[in-house]
Amino acid sequence: MSNTAHYDIDDLNEKARRHLWMHFTRLGAYATKEIPIMTRGEGCYLWDAHDKRYLDALSGLFTVQLGHGRHDLAQAAAAQAETLEYFPIWSYGHPPAIELAAKLAELAPGDLNRVFFTTGGSEAVESAWKLARQYFRAKGEGQRYKVISRETAYHGTTLGALAITGIPSLRTPFEPLTPGASHVPNTNRYRHPLGQDEVAFCDWLVEGIEDRILWEGPETVAAVYLEPVQNAGGCFVPPEGYFRRVREVCDKYGVLLVSDEVICAFGRLGEWFGAQRYDYLPDIITCAKGLTSGYSPLGAVICRDHLAEPFLDGTSSFLHGITFGGHPVSCAVGLKNIEIMESEGTLAHVRAHEAGFRERIEGLRDIPIVGDVRGAGYFLALELVADPETEAHFTNEESEEILRGVLSPAFFEAGLICRADDRGDPVVQLSPPLIAGDQQFDEIESILRTTLTDASRHLRRSHSVAGADRREGGKEWS
Ligand SMILES: Cc1ncc(COP(=O)(O)O)c(C=O)c1O
């Protein structure tokens with residue numbers, strides 16, 4: 001059945017232009033251009049108000065692990081809403097929150113047994129910081145309030161989480177931010193002079209974290225925040241031994257290790273948690289997104305037993321709460337999501353198919369603007385470069401032109417949802433639903449081959465025009 005009859009696209013556009021504040025969106029870009037309006041989804045695919053089909057190679061926003069339009073997940077939400085639609089977990093429990101907390105404790109590594117629910121990722125990241133601060137205060141180490149995270153890493157947008165985020169352009173408009181956060185180099189091997197020598201690179205990175213702790217004063221540092229695979233900048237994977245050694249450094253100075261798994265948990269890397277893929281035990285895992293496959297909003301801070309200890313006796317409590325944190329409908333969806341992943345073998349599916357996904361994307365390296373392919377599981381990025389031989393960066397103007405001017409519209413036109421991102425060097429990010437298989441990988445590969453090849457030709461033409469302009473004193477491309 002066609003979708004178009006149900007939607008007055010002009011009317012929706014007019015209302016959206018007037019009233020809908022789209023997140024991280026240049027609203028001016030839609031002053032005349034039509035706003036894409038997504039209306040329904042099924043499996044790995046979405047349809048817009050014109051009934052045009054898209055392959056969702058980003059899982060919404062790294063979220064829809066089990067795919068769109070599932071009756072079983074929708075039904076879990078409806079059944080819970082009919083039974084107990086809402087009650088807070090402030091001094092009360094309800095079965096879905098209790099059962100989901102117990103399930104997360106079962107799936108998480110080691111003694112990560114205590115779960116504090118939030119409604120999303122930024123709140124989880126910020127709640128973990130508040131927890132670390134109150135925890136150290138309760139232990140008589142109230143001067144430990146600082147956190148260390150990595151350059152270019154995205155950890156959320158609320159003022160505390162934004163302080164942990166290492167992307168200057170997102171931070172600057174809101175300064176001064178929550179004090180106490182500083183940043184160390186990330187695991188971008190491709191762009192680092194030591195990148196070819198994994199051992200030396202790892203030494204340098206871990207020493208960087210230790211040096212930062214020493215510089216800040218170890219007695220003032222509460223936590224180090226790291227993603228198992230860093231999203232912003234384009235799927236930076238850790239070098240061999242990195243997390244084991246960071247763990248040792250944190251233990252040496254009594255600093256907590258927070259694994260921010262808002263993207264990397266719930267099968268994205270083929271394990272329940274990214275820490276399991278890289279074999280380390282964090283003190284805290286922050287998660288959200290894929291916890292419910294996006295069918296209802298939910299986040300969580302999962303803590304090791306020792307973090308809860310100061311709050312277990314007498315009059316003490318963690319002085320923090322969120323009205324909708326641990327919402328019964330979201331928790332019921334989270335439980336169902338995990339139950340389906342277990343019964344359908346989703347993690348095993350990712351592990352069995354990730355090599356095929358990788359192989360297809362690696363195959364695009366022959367396109368002249370593809371410099372690097374990296375990532376793990378169903379979480380890959382291609383870095384775009386002006387010249388793969390020299391690994392030359394694009395200029396800011398070229399990056400803007402290729403990502404926003406050429407590739408984003410071309411992907412959209414071709415019916416592929418992925419992300420052209422320039423928070424670091426320009427990358428194309430891919431994070432398909434975990435139910436995706438060979439058919440979707442072939443489609444992704446084929447659309448990327450056409451669009452990236454066209455973009456590369458477009459740039460070459462621009463370069464030759466720029467060369468002509470340059471001779472005439474016109475615009476310089478590089
Ligand atoms: C690693 C990481 N942390 C935190 C966040 C913030 O999550 P949210 O957008 O749910 O607040 C994100 C969002 O993409 C993320 O990727």
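Position 1 is the first residue of the sequence, and the numbers go up from there. As a basis for the values below, the full set of heavy atoms in this structure was taken, side chains included, without hydrogen atoms, waters or symmetry mates. When a ligand or atom number is given, it counts from 1 through the structure's own listing order. Owing to the predicted nature of the structure, the values given are computational and were not obtained by experimental measurement.
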Run the salt-bridge test on [X] and [Y] with the 4.0 Å N-O cut-off and return the result as yes or no.
| X | Y | result |
| --- | --- | --- |
| Glu227 | Arg150 | no |
| Arg404 | Asp422 | yes |
| Arg245 | Glu248 | no |
| Glu34 | Lys52 | no |
| Glu151 | Arg191 | no |
| Arg365 | Asp372 | yes |

Protein heavy-atom partner closest to [atom] - residue, atom, separation in Å:
| atom | value |
| --- | --- |
| atom 9 (O) of ligand 1 | Ser122 OG, 4.3 Å |
| atom 10 (O) of ligand 1 | Gly121 N, 2.8 Å |
| atom 3 (N) of ligand 1 | Asp260 OD2, 2.7 Å |

Determine whether the side chains of Thr220 and Glu216 contain a donor N or O and an acceptor N or O closer than 3.5 Å.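 Checked: Thr220/Glu216 side chains show no N/O donor-acceptor pair below 3.5 Å.
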Which ligand 1 atoms, with their elements, are less than 4.0 angstrom from a heavy-atom of His155?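 So the atoms of ligand 1 that pass are 3 (N), 4 (C), 5 (C).
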What atoms of ligand 1 come closer than 4.0 angstrom to any heavy atom of Glu227?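 Every atom of ligand 1 under 4.0 Å from some heavy atom of Glu227: 1 (C).
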Is ligand 1 less than 4.0 angstrom away from at least one heavy atom of Lys289?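 Under 4.0 Å: yes for Lys289.
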Does at least one non-hydrogen atom of Ile263 fall below 4.0 angstrom from an atom of ligand 1?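 Distance cut 4.0 Å: Ile263 passes for ligand 1.
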Part of Tyr154 within contact of ligand 1 (heavy atoms, under 4.0 Å):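 Both backbone and side chain.
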Could you check which of Val262, Leu226, Leu298 puts a non-hydrogen atom nearest to atom 12 (C) of ligand 1?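 Result: the heavy atom closest to atom 12 (C) of ligand 1 is in Val262.
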Using distance alone, decide if ligand 1 has a nitrogen or oxygen within less than 3.5 Å of any nitrogen or oxygen in Asn231.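 N/O-N/O distance under 3.5 Å: no.
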